[in-house]
Amino acid sequence: MSEILLRAEDIYANYGDFQAVQGASFEIRKGEIISIIGTNGAGKSTLMKAIGGTLAPKSGKVFYKDTEITGMPTHKLVDLGMSQVPEGGRVFARMTVMDNLVMGSYTPRARKHKDNALERVYDLFPVLKEKANQVSGSLSGGQRQMVAIGRALMSEPELVCFDEISLGLAPTVIKDIYTKIRQINKEGMTIILVEQDVKRSLKTSDRSYVMLKGKVVLSGKSSELAEEDVKKAYFGL
Amino acid sequence: MDALLQSLIQGVLLGGLYALIGIGMSLIFGIVKLTNLAHGDFLILASYISYSVVAATGMNPFVSLIVVIPVMFAIGYIVQNTMLNRVISKGAEPPLLVTFGISIVIQNLLLYYYTADARNLRSPIATKSIIITDGIRIPYIYLIGFLVGIIVIVALGFYFRHTYQGKAIKAAADDREVAQLMGVNIKSIYGIAMGISMTTAAIAGVLVGMIYNFYPTSGSAYLVIAFAVVVIGGMGSTYGTLAAGILFGLAQVMGAHFFGASAQLLTGYVVLLIMLIFRPQGLFQR
Amino acid sequence: MKTGFLSDSKRLIKALIMVIVLVGLFVLPNVANQYTTMLVMLICMYIGLGQMWNLLAGYAGLVSLGQQLYIGIGGYALAVLSNYYNIPILIGLVVGGLVSVGLSVALSFLLLRMKGMYFAVATWITAEAFIVIFAGWTYMGSGNGLFIKAVRGMPTSTIYYYSLIVAILTIFIVVFLLRSKLGLGLIAIRDNDSAAETSGVTIFRTKLYCMMISSFLTSIIGGLFYMSQVWVQPYAAFAINWTIAGMFIVVIGGIGTVAGPILGAVIYVILNQYLSQFGGISMIILGVIAIVVILFAPKGIIGSLQNRFGFEILSARRDANKNFMGMQIQETSENTEQ
Amino acid sequence: MSTILEVDNIHVAYGRTKIIPGLSFKVEEGQVLGVIGPNGAGKTTLMNALIGLVIPTEGKIIFDGMDITKLPPDKRCHLGLGRTYQIPRPFEGMTVYENVLVGATHGAGRTEHKARPYCTEVLKRTGLYEKRDTLAGQLTLLDRKRLEIARALGTDPKILLLDEVAAGLTDAEVHDVMDLVAELKKTGLTIIWIEHVIKTMVESTDKLLCLATGCLLRYGDPKETMNCLEVQEVYLGVDEE
Amino acid sequence: GGNGETEDPGTATPERDYILIGIPNPSTGPIASFGEGTPWAEELAIKTINEAGGIYIEEYDMKMPIQLKFVDTESDPTKASEVTQKLIVDDKVDMLISRHTPDTALPVSAMAERYGVPTVSLECPIDAWLSGGPYEWAFHSFWSIDTVYTTFSQTWKDLGFGEGTKVGILMPNDPDGLAWLPIFQERLAADGFVVSDPGRYPNMNSDWTAIINQFKADGVEIVTGVNIPPDFANFAIQSKQLGFEPKFTSMGKAYLFSSDANALGVDIAEGLSAEVWWSPFHPYKSSLTGQTPAEILELYTAESGRTWTAPIGYKYAGLEIAIDVLTRAASLDPEKIRDAIAATDMTTVVGPIKYNDQHISETPLVMGQWFLNDAGDMVELKIINSLYPEIPVNGEAFLK
Ligand SMILES: Nc1ncnc2c1ncn2[C@@H]1O[C@H](COP(=O)(O)OP(=O)(O)OP(=O)(O)O)[C@@H](O)[C@H]1O
Ligand SMILES: Nc1ncnc2c1ncn2[C@@H]1O[C@H](COP(=O)(O)OP(=O)(O)OP(=O)(O)O)[C@@H](O)[C@H]1O
Ligand SMILES: [Mg+2]
Ligand SMILES: [Mg+2]
């Protein structure tokens with residue numbers, strides 16, 4: 001087995017007084033794809049924020065390659081090789097598509113490969129090349145999602161986390177994306193998928209975690225998880 | 001005829017200076033979305049710092065920039081990081097009040113240390129001109145102001161268009177959280193933006209100090225000019241600011257030329273309001 | 001859930017307190033010393049100024065830096081009408097208010113095209129332009145301004161009552177407005193204008209009403225200020241300081257709350273009076289206080305208290321369960337899901 | 001059944017970029033019309049044109065026999081057009097209840113008193129009743145989408161325009177939305193629904209319209225539209241499952 | 001009327017054992033340079049009398065020392081009016097002294113009238129102060145614009161500028177400019193000068209090209225008017241840049257203080273002439289200590305390290321008047337104090353004070369010019385013309 005890349009231990013995260021994540025743990029090994037699934041409001045996005053540094057966890061620890069990274073500022077995590085696509089196709093609305101993508105290669109490590117990476121993204125989403133000089137605030141919903149995904153890929157991360165990757169994308173594009181994900185995974189990128197589409201995520205990932213009300217209630221090899229169990233865990237039946 | 005040409009020249013040159021006064025504000029206004037009511041006072045603060053440096057070392061005011069710029073950059077960085085960053089996400093009004101607080105503190109500290117006496121950074125070229133004809137002259141100091149204004153603005157334009165850091169500032173202003181996810185150090189990036197704004201204020205402050213006399217309260221007059229330039233040019237648009245500065249400067253000087261001295265300020269404002277009717281988001285804003 | 005009885009009695013107590021406070025304020029000039037009367041008078045004026053700025057900035061999202069325009073108009077209206085036409089002061093106040101409304105309507109066609117800080121700056125520049133206009137207008141006494149001779153001997157207590165009534169009026173109007181359909185539309189526009197528009201809110205009209213109300217009352221408050229000051233002069237009458245004072249009051253007290261400007265005005269007036277004796281450093285202290293308060297309580301004092309204790313005085317919030325009229329201390333929504 | 005909405009050869013452009021170069025179709029009263037198409041095809045743009053956020057450069061939009069091509073959004077809302085936003089835009093400083101109240105008072109022209117029971121009903125129907133006092137800024141994505149629908153319903157529309165309200169929902173939740181749509185349809189509401197979830201579209205719409213680069217690719221029975229070769233090519237992709 | 005609002009002590013035990021004089025002062029803001037020297041000058045003035053135990057007050061049959069209460073007007077008339085009200089109703093001052101430009105003198109005098117507080121006002125052109133009248137409680141002393149003109153024109157005539165000389169006037173649109181304008185226009189015309197008037201420019205004007213162009217076109221030889229210092233500085237520098245060099249400049253307000261004059265740079269400042277309201281060369285003596293202006297200012301420079309300014313004389317004189325009045329009134333009854341002010345007839349460091357029925361007493365004004373000092377690095381003021389025989393001339397006017 002390959003080394004553990006990221007390990008989250010007993011994470012608690014709050015919004016004010018409200019506990020959105022209540023003791024969730026998971027780990028991911030180098031080269032894996034894992035999926036985190038759960039109903040709306042289960043706390044998936046919050047967990048990702050807590051790991052990615054945009055929301056300080058109340059308690060718990062996060063390790064990246066055996067170094068503790070809990071509470072480390074986000075930009076440092078990015079330097080270490082973690083990247084995230086937040087949910088909802090968030091783009092730098094007043095910047096052009098091209099500048100958005102270029103921002104993806106902000107880390108010194110990624111800057112070197114900027115031109116290559118840009119080509120790859122354009123390859124994946126040809127429409128973005130057409131719109132390279134359009135202000136991204138005026139893109140369609142799906143196009144924004146493409147920018148967000150492309151931007152994360154620009155940083156050539158070791159570990160990337162996609163929150164609701166297929167949101168707003170047309171079926172053709174979704175298919176492409178999933179093919180692409182498997183491909184970049186094979187090229188060595190470790191991937192966390194946060195998805196609503198249970199079937200697709202089970203199919204794509206090596207292992208899965210099911211979250212309910214802020215806790216991980218089920219986990220295991222995706223291929224071994226029975227659909228019945230997942231459903232039960234999912235709805236807390 | 002000479003008088004008209006002289007006014008035209010003066011208007012354009014003055015406009016370059018106006019653009020320089022406005023550019024730092026426009027940057028912070030458009031990109032960080034912060035209305036810095038203390039911009040004029042920072043500018044005058046730079047004039048005073050330069051004054052002290054010149055008084056202590058006897059160097060040329062321009063040379064004093066090697067001290068003034070780093071000091072102003074640091075002040076901007078610190079002010080942004082210790083105060084403004086804490087309120088920037090709380091809506092438009094708290095930062096407005098904080099910058100106003102900073103404005104009165106600067107004014108009164110200056111008054112305290114430097115007294116209400118008039119000061120300037122007069123250098124021998126202040127009263128010299130290039131004489132073209134008897135009726136047309138180009139004052140060196142305005143010419144320098146104009147050229148420096150253009151250089152600074154072009155440099156800033158390049159910075160925001162072609163450097164990662166420049167883009168990071170814009171990105172951070174658009175979406176803080178996502179910018180962090182790109183690896184931007186959000187804590188320092190606004191500080192850097194403010195530092196750059198203060199750098200332009202430093203340059204403008206030294207020029208203003210060489211052209212005009214200044215007092216601890218002089219800042220407010222420059223704030224109005226900066227605002228006018230920003231509104232005409234469109235927030236955060238570097239070349240827009242340049243065009244706006246020239247338009248505003250020309251409007252004032254030509255207003256005075258055609259309608260008399262009393263019309264000078266008013267013509268400026270009228271041009272500004274007309275601009276706003278046709279381009280409510282500024283000249284160069286999409 | 002509270003029982004009907006409980007909330008009824010709470011309401012009664014609340015009403016009782018209000019009545020006592022009101023009666024107290026109305027007899028104040030007879031029982032308190034002259035200085036207290038003057039302080040409360042100033043506080044009342046600044047409450048009005050603050051409430052009106054809050055209505056624009058805090059509720060409608062129209063961050064104005066040009067309220068001084070209406071202060072100036074109010075002062076000048078008083079001066080012109082009483083000096084040149086011998087018109088009684090009170091009528092002068094109202095006429096000033098109406099002129100301001102007219103002006104605000106005319107300006108709205110220009111200003112309301114702008115959003116955010118463009119609006120802020122444009123309002124300020126407009127007021128600056130009015131300095132230039134009034135300073136060049138011989139009829140208005142040009143740069144010299146005008147003395148409002150008719151109010152020279154007016155006793156403080158008279159101005160006190162006018163101010164008190166106007167302050168109460170502004171509070172009442174703000175509360176009433178916010179609990180009306182118009183207020184709901186205003187807040188919707190502030191939060192997201194295009195969504196508000198597709199929800200049926202007519203943006204221009206809603207903002208316009210708001211500007212009209214605020215210009216009318218601000219102008220009346222301007223008249224009151226100049227009743228007490230006697231001399232109206234363009235550079236002071238149209239000075240940004242008026243709006244800054246309003247902003248200080250609202251932001252320190254708590255923007256977007258009704259009680260905020262009241263507390264803010266009390267702090268502002270007392271602080272100013274107290275600091276005035278410290279000569280050179282009074283302004284530094286005021287500036288530092290403004291900065292420190294905002295840094296540690298960015299929502300203002302009332303806003304922060306509300307956050308901590310979870311109640312709202314004079315709330316404009318609608319409770320989905322209860323009828324909204326009547327002034328009661330309401331508990332804000334605690335999150336239902338846990 | 002009568003035609004409630006007629007789109008007659010509209011051209012829509014943002015500045016110099018033409019998005020919809022001539023599009024015509026009709027919607028019957030009480031129907032659910034599905035709109036699909038690749039990303040960037042112009043679906044949201046079409047909706048913006050219907051609601052008045054962008055004015056077509058050519059062509060006409062006729063609603064209930066009335067030419068509304070140039071009316072501003074608020075007027076259209078008063079006439080009975082309600083919409084949701086693809087990227088939710090709640091009034092963040094307001095509670096969920098107040099969000100709905102805005103539409104119910106300003107959009108539907110009720111007094112606040114009269115709007116109250118109606119809002120309660122809308123909130124219950126959209127499953128937000130429990131959260132009525134929560135500040136809208138604190139909702140999860142799903143609830144924000146629900147709130148979008150609730151707010152649109154609050155305006156008491158004759159036509160409801162839904163923009164990707166089911167995106168990001170789990171199967172069960174999508175079913176909730178489908179039930180809601182079915183229920184709304186029963187009350188005689190006309191619905192125009194943009195969505196990328198094919199199964200849903202096929203199951204719950206009466207007619208399906210496929211857009212590609214601003215042009216009408218196919219308009220008709222949902223199954224037929226889906227089976228159309230061109231649609232499969234540009235939109236669905238060659239099926240591998 | 002509001003005059004009844006002041007309370008009458010009436011009893012034999014005083015509420016406090018000192019006399020309180022309120023002094024609103026522009027300590028901060030644009031006219032802060034006028035406020036400089038406060039409280040030094042005022043405290044100097046009350047020192048001797050307080051050391052002697054104060055002033056005898058009949059009602060209480062005791063001597064009471066004077067205490068001063070200063071408040072900052074921030075150079076803002078609105079603030080000035082608010083803080084003056086505080087002095088009156090909170091601190092219950094027995095008297096007010098109001099001075100330093102219309103922005104302070106007018107609102108303070110207006111409040112004095114409303115509340116019926118006896119007030120000594122100084123240092124604001126008489127014409128401007130009168131526009132707020134008629135006054136019952138406030139009394140004012142300074143010079144009038146008419147005198148300014150007479151002084152200016154006398155100097156010009158002495159220098160040989162005769163009828164037909166082209167005079168450019170530079171008057172802003174502010175209370176001073178508007179007050180000076182009609183008087184200068186009328187008298188310039190009467191004296192046969194040819195006037196070039198580019199119009200009322202606003203304060204803090206940033207560009208002077210149009211004005212300079214007109215002066216050049218009209219062949220202006222003398223420039224006169226009244227400006228705030230930054231505006232004149234700017235005008236003078238731009239004039240030089242654009243090649244406009246008038247033969248003689250006589251400007252009010254623009255470079256009264258040594259700091260303002262020297263900030264212009266010696267090349268510009270040398271030869272400028274101005275109205276001088278007070279200087280170390282004034283021959284009067286303090287009614288309190290017999291000190292001469294020169295002595296007082298020497299003390300000031302020694303203690304503060306700053307150069308002298310004319311307002312210091314008026315700060316001092318205000319208290320001279322107040323002490324004289326209170327001594328004569330021997331009462332804290334406002335009406336008695338007021339009557340005592342009306343009856344004033346004395347000589348202060350700024351000159352004789354005797355109010356007329358408009359409550360005005362005109363103080364002397366002379367003409368000064370800035371001369372290069374011996375080292376050649378600074379300019380210093382000398383008096384070059386005087387309508388008052390007692391104030392001697394100590395420099396010879398020159399053209400540049
Ligand atoms: N900014 C916020 N303030 C307060 N509460 C929040 C905030 N964001 C989310 N929550 C709450 O935290 C809980 C978990 O939210 P989270 O976004 O992590 O869920 P999720 O599993 O990602 O759901 P979804 O599938 O809808 O994205 C929800 O109940 C939500 O209401
Ligand atoms: N303001 C604008 N300026 C220029 N182009 C724009 C603007 N708004 C949208 N577009 C372009 O118009 C096209 C259609 O956008 P629209 O949002 O209608 O697509 P859509 O069909 O809703 O796509 P999606 O399924 O991704 O939401 C896109 O290519 C988009 O980039
Ligand atoms: Mg989520
Ligand atoms: Mg769309």
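Chain identifiers are assigned alphabetically (A, B, ...) following the order of the sequence lines, protein sequences preceding nucleic acid strands; residue numbering begins at 1 within each chain.
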K.L.:
Should A/Arg90 and B/Glu177 be marked as a side chain to side chain contact (heavy atoms under 4.5 Å, CB included) after you check the CA-CA gap, both sets of side-chain angles, and the distance that decides it?
P.N.:
CA-CA 10 Å; A/Arg90 282 163 72 177; B/Glu177 199 177 307; 3.5 Å; yes
K.L.:
Mark yes when over 12 heavy atoms from residues, nucleotides or ligands other than A/Lys61 sit less than 6.0 Å from its NZ; otherwise mark no.
P.N.:
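Atom NZ in A/Lys61 is not crowded, with 12 or fewer foreign heavy atoms closer than 6.0 Å.
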K.L.:
Which atom pair, heavy atoms only, marks the closest approach of B/Tyr164 to A/Ser105?
P.N.:
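Reported closest heavy-atom pair: OH-OG, 2.7 Å.
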K.L.:
Of the non-hydrogen atoms in B/Val178 and A/Pro86, which two are nearest, and what is the gap between them?
P.N.:
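Taking every non-hydrogen atom into account, CG2-CG, 3.8 Å.
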K.L.:
Could you measure the distance from the CE atom of B/Met182 to the OG atom of A/Ser83? Nearest 0.5 Å is fine.
P.N.:
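Result: 5.5 Å between the selected atoms.
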K.L.:
A/Lys76 versus chain B, heavy atoms under 4.5 Å apart: side chain, backbone, both or neither?
P.N.:
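Neither part.
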K.L.:
Tell me, out of A/Lys49, A/Arg111, A/Met95, A/Gln84, who's got the most heavy-atom pairs with chain B below 4.5 Å.
P.N.:
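Heavy-atom pair counts peak at A/Arg111.
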K.L.:
How long is the gap from CG on B/Leu181 to CZ on A/Arg151, to the nearest 0.5 Å?
P.N.:
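If I round to the nearest 0.5 Å, the distance is 8.5 Å.
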K.L.:
Where does B/Ile189 contact chain A at under 4.5 Å (heavy atoms): side chain, backbone, both or neither?
P.N.:
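For B/Ile189, side-chain heavy atoms alone lie under 4.5 Å from chain A.
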K.L.:
Ignoring hydrogens, what is the shortest heavy-atom contact between B/Ala168 and A/Tyr106? Give both atom names and the distance.
P.N.:
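So the two residues come closest at CB-CE1, 3.4 Å.
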K.L.:
Give a yes or no on whether A/Arg109 atom CZ has more than 12 heavy-atom contacts from other residues, nucleotides or ligands under 6.0 Å away.
P.N.:
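More than 12 within 6.0 Å, yes.
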K.L.:
When rounded to the nearest 0.5 angstrom, what distance separates CG in A/Asp99 from CG in B/Asp174?
P.N.:
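Between atom CG of A/Asp99 and atom CG of B/Asp174 there are 10.5 Å.
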K.L.:
Roughly how far, to the nearest 0.5 Å, is the OG1 atom of A/Thr96 from the NZ atom of B/Lys170?
P.N.:
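Taking NZ in B/Lys170 and OG1 in A/Thr96, the distance rounds to 7.5 Å.
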K.L.:
Where is the tightest heavy-atom contact between A/Arg94 and B/Ala173, given as atom of each residue plus distance?
P.N.:
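Shortest heavy-atom contact: NH2-CB, 3.6 Å.
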K.L.:
Side-chain contact test, heavy atoms from C-beta onward, threshold under 4.5 Å: evaluate it for A/Met103 versus B/Lys167 and give yes or no.
P.N.:
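A/Met103 vs B/Lys167: side chains touch.
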